[in-house]
Asks: 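The structure's right below; bear with me while I get my questions together.
Every value quoted in this text rests on a predicted model; they were computed, and no experiment measured them. Here is the naming used below: chain letters follow the sequence lines, and residue numbers restart at 1 for every chain.
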Amino acid sequence: MNLRRTFAMAYKEALQIWRDPRSLAIALLMPLMQLVLLGYGVSLDIKHVPLCVFDQENSQQSRAVVDRFVSSDWFSISHTINRQSGIGYALDRGDCIAALVIPADFSRRLSTVGAAPVQAVFDATDVNTTNVALGYAQGAVAQANAQIAAQWAASQGVLPSLVGQVDLEPSTWFNETLESRNFIIPGVVAVILSLVGAELTSLTISREWERGTMEQLISTPVTPLEVMLGKLTPYFAIGFFDAGFCLVSAVYWFRVPFRGNIGTLLATTALFIVVVLGIGYLISARIRSQLGASQIALLVTMLPATLLSGFTFPLDQMPALVRAISLAVYARYYVTILRSVFLKGSGLYDLWAPLLGLSIYAVAVIWLAARALHKRLD
Amino acid sequence: MNDIAIRAEGLTKNFGPVSAVRDVDLAVYRGEIFGLVGPDGAGKTTIMRMLSGVLPPDAGRIFVDGVDAVADPEGARLRLSYMPQRFGLYEDLTVAENIFFYGEIFSVPRGERIARSGELLEAAGLLPFRRRMAGQLSGGMKQKLGLVCALIHTPRVLLLDEPTTGVDPVSRRDFWAILYNLRESGVTILLSTAYMDEAERCSRLALLHNGEVRRCDTPAGIKKAMPGALLAIISADPRRLREAVSGQPGVLGVLLMGDRLHVRVDDPARRIPELRLLLAGRGVTGAVIQAAEPGIEDVFVALLGEMA
Ligand SMILES: Nc1ncnc2c1ncn2[C@@H]1O[C@H](COP(=O)(O)OP(=O)(O)OP(=O)(O)O)[C@@H](O)[C@H]1O
Ligand SMILES: [Mg+2]
């Protein structure tokens with residue numbers, strides 16, 4: 001390999017990217033747009049779940065329970081009804097996704113038996129939302145319990161700390177994995193990088209064929225390896241910049257807690273970008289029209305990355321065959337890595353399994369890409 | 001043979017049912033300017049591509065500067081420069097950036113690159129346009145830039161596919177001045193051309209037709225090979241004369257050349273008086289009939305007409 005030729009390729013490619021509005025838009029605007037679309041579209045709609053309330057008692061204590069439901073952003077009351085049949089009607093019409101039913105003897109049972117049931121009814125059409133809403137409801141009930149226990153303790157002249165509220169501690173009553181945004185934003189980052197990376201490089205070889213510059217280029221001593229390395233270098237820089245932008249937004253804009261190590265994050269991200277760029281390059285080398293290459297890149301990256309990476313649909317709930325297929329979706333490894341690094345603070349050692357998957361991918365893709373360009377016209 | 005710079009033996013290429021190049025043998029001597037001439041689709045580009053190593057032949061052998069280009073294409077690539085028929089440089093790079101790129105690809109030392117690009121740009125009249133995007137150059141300037149980029153690494157062999165098509169006469173003169181200079185320094189040039197005056201400037205020519213070499217000789221030798229003799233009829237309305245003369249006994253071919261009509265005949269001594277009579281009979285006055293030196297175009301039309 002000749003370094004001078006490699007640098008010359010890299011420099012030339014960088015100039016062309018800089019002067020090509022389309023490449024610049026993909027490099028700089030697409031991540032921003034996708035982040036807004038996916039980040040908000042997927043994560044924010046599971047706030048303010050519409051709730052209809054059928055409070056048969058309407059006492060101070062029953063209202064305290066309702067307050068627990070709406071004092072967070074989790075639920076918003078869409079309806080207050082006064083007949084049991086109103087619930088089915090409201091759910092059917094889609095006026096609400098959840099209904100809360102408090103029995104007429106709520107406070108009496110609470111004071112005599114020491115426990116009182118409340119009923120929550122969910123529209124389970126959208127399983128995802130329902131799951132999240134169910135978690136919210138459990139959180140709200142737990143909070144109400146804590147409050148009632150504290151009041152009871154106070155009325156008995158016992159200090160609340162002595163009542164034994166172990167399972168009412170904030171860390172347990174608020175199950176963090178149910179904060180869906182924390183879970184989804186790392187997935188969004190992986191999807192964006194897969195898409196942007198492959199879209200960028202998918203044009204790089206096909207552009208030379210379409211513009212007629214390839215014929216002259218392949219008549220020179222430049223080798224396929226030098227072409228690949230040279231061309232991928234500027235895209236790697238762009239990919240890293242985009243990754244930085246997405247990750248910083250995840251932490252400072254979407255407020256996903258970051259508990260891991262920056263070094264681990266950067267190293268795994270670099271590996272993922274190599275895979276993503278290599279895939280785009282492979283497509284580009286196989287398909288000689290820019291439009292075709294870009295569409296294939298969209299198809300082979302976007303669909304699996306959104307459906308099979310575990311980004312929105314949990315993989316462990318899928319049929320065995322689909323799970324087996326998802327092993328080939330490189331984005332899933334990065335989604336796993338990002339979630340672990342962000343939420344659990346995992347280090348490289350803990351991540352050996354997804355790292356192995358990603359590394360195998362990187363080696364295979366680069367090995368193929370280095371051979372993908374044939375220096376001949378037919 | 002050591003002084004053969006480009007040798008092709010039995011070169012053959014088919015595209016599906018189309019046989020684009022058939023069993024072509026070529027031997028281009030060191031320091032020659034060798035021309036490939038032929039009508040559209042004759043196979044000029046296909047031959048150029050095979051010689052430059054971008055298209056593998058179906059059969060045949062190629063040696064570039066002594067290197068077997070089929071077995072060792074990379075070795076051959078170091079010795080040649082190829083300028084495709086379609087502009088092959090980066091339109092979104094400036095003149096200087098394109099030159100820099102090709103200089104680096106051929107690992108030309110920095111000082112040498114600067115000196116050479118200065119000389120070549122000067123000769124091509126491109127010095128004032130160094131910072132202009134290649135895509136914004138005129139057709140002729142693009143072709144000259146292509147030549148500059150092809151020459152930045154001192155190739156032994158230069159392959160130019162219709163380098164001057166669409167280039168204005170002034171730029172063509174610059175272009176040829178550079179080519180003659182190169183020949184002085186021992187570079188071997190193989191070019192294809194559609195211009196007969198350019199064909200005339202080559203040391204030798206190969207006439208291609210339907211993928212085969214029909215004749216290969218010096219321009220003078222090719223002219224001698226023209227069957228029959230050439231007459232020129234100069235008159236006010238050569239178009240009308242063409243109809244009158246075509247198909248007359250002994251007339252082998254008629255070619256309109258500006259204000260004159262070139263008529264190829266089997267036996268001038270016998271046919272000149274006959275033609276005079278014919279013209280007089282048609283009421284054409286003031287027409288001059290005289291023997292003429294055939295140009296390359298006359299010969300090609302004659303030769304191709306015979307083969308068709
Ligand atoms: N890639 C290809 N696929 C199919 N047929 C081809 C291809 N390239 C050339 N041909 C055919 O091969 C024949 C020779 O083409 P070639 O381009 O070599 O001719 P040429 O002499 O360069 O013509 P021109 O003066 O138009 O440039 C033509 O019939 C052409 O249609
Ligand atoms: Mg051609």
Asks: Where on D20(A) is there a heavy atom nearer than 4.5 Å to chain B: the side chain, the backbone, both, or neither?
Replies: neither
Asks: With only heavy atoms counted, which part of E208(A) is less than 4.5 Å from chain B, the side chain, the backbone, both or neither?
Replies: side chain
Asks: For residues K13(B) and D378(A), determine if any side-chain heavy atom of one lies less than 4.5 Å from a side-chain heavy atom of the other.
Replies: yes
Asks: For M9(A), which atoms come within 4.5 Å of any heavy atom of chain B: side chain, backbone, both, or neither?
Replies: both
Asks: Let me confirm one number: the CG-OH distance from L217(A) to Y102(B), rounded to the nearest 0.5 Å.
Replies: 5.0 Å
Asks: Is atom CZ of R371(A) surrounded by more than 12 heavy atoms (other residues, nucleotides or ligands) closer than 6.0 Å?
Replies: yes
Asks: Is there a side-chain contact between V54(B) and R376(A), using heavy atoms and a 4.5 Å cut-off?
Replies: no
Asks: Counting only heavy atoms not in F241(A), do more than 12 fall under 6.0 Å of its CZ?
Replies: no
Asks: Might you point out which heavy atoms bring Q216(A) and P84(B) nearest each other, and give the distance in Å?
Replies: OE1-CD, 3.5 Å
Asks: Considering residues, nucleotides and ligands other than R61(B), do more than 12 of their heavy atoms fall under 6.0 Å from its CZ?
Replies: no
Asks: In this structure, which one of R19(A), Q16(A), K12(A), R207(A) forms a side-chain hydrogen bond (donor to acceptor under 3.5 Å, both in side chains) with D92(B)?
Replies: Q16(A)
Asks: Which is it for F87(B) and R211(A) under the side chain to side chain contact (heavy atoms under 4.5 Å, CB included) test, yes or no, and what are the steps along the way?
Replies: CA-CA 9 Å; F87(B) 184 63; R211(A) 296 189 186 169; over 6 Å; no
Asks: Side chain, backbone, both or neither: which part of F7(A) has a non-hydrogen atom closer than 4.5 Å to chain B?
Replies: neither
Asks: In this structure, is the centre-to-centre distance between the rings of Y11(A) and F101(B) below 6.0 Å?
Replies: no
Asks: Could you measure the distance from the OG atom of S52(B) to the CG atom of L377(A)? Nearest 0.5 Å is fine.
Replies: 7.5 Å
Asks: Minimum heavy-atom separation for L80(B) to S219(A), with atom names?
Replies: CD1-O, 4.3 Å
Asks: Run E104(B) and T6(A) through side chain to side chain contact (heavy atoms under 4.5 Å, CB included) and show every step you take.
Replies: CA-CA 9 Å; E104(B) 290 296 291; T6(A) 312; over 6 Å; no
Asks: Can you tell if the side chain of L89(B) reaches within under 4.5 Å of the side chain of T213(A), non-hydrogen atoms only?
Replies: no
Asks: May I ask you to check whether E215(A) and Y82(B) show a side-chain donor-acceptor distance below 3.5 Å?
Replies: yes
Asks: Taking all non-hydrogen atoms of both residues into account, name the closest pair between T220(A) and E74(B) and its distance.
Replies: O-OE1, 4.2 Å
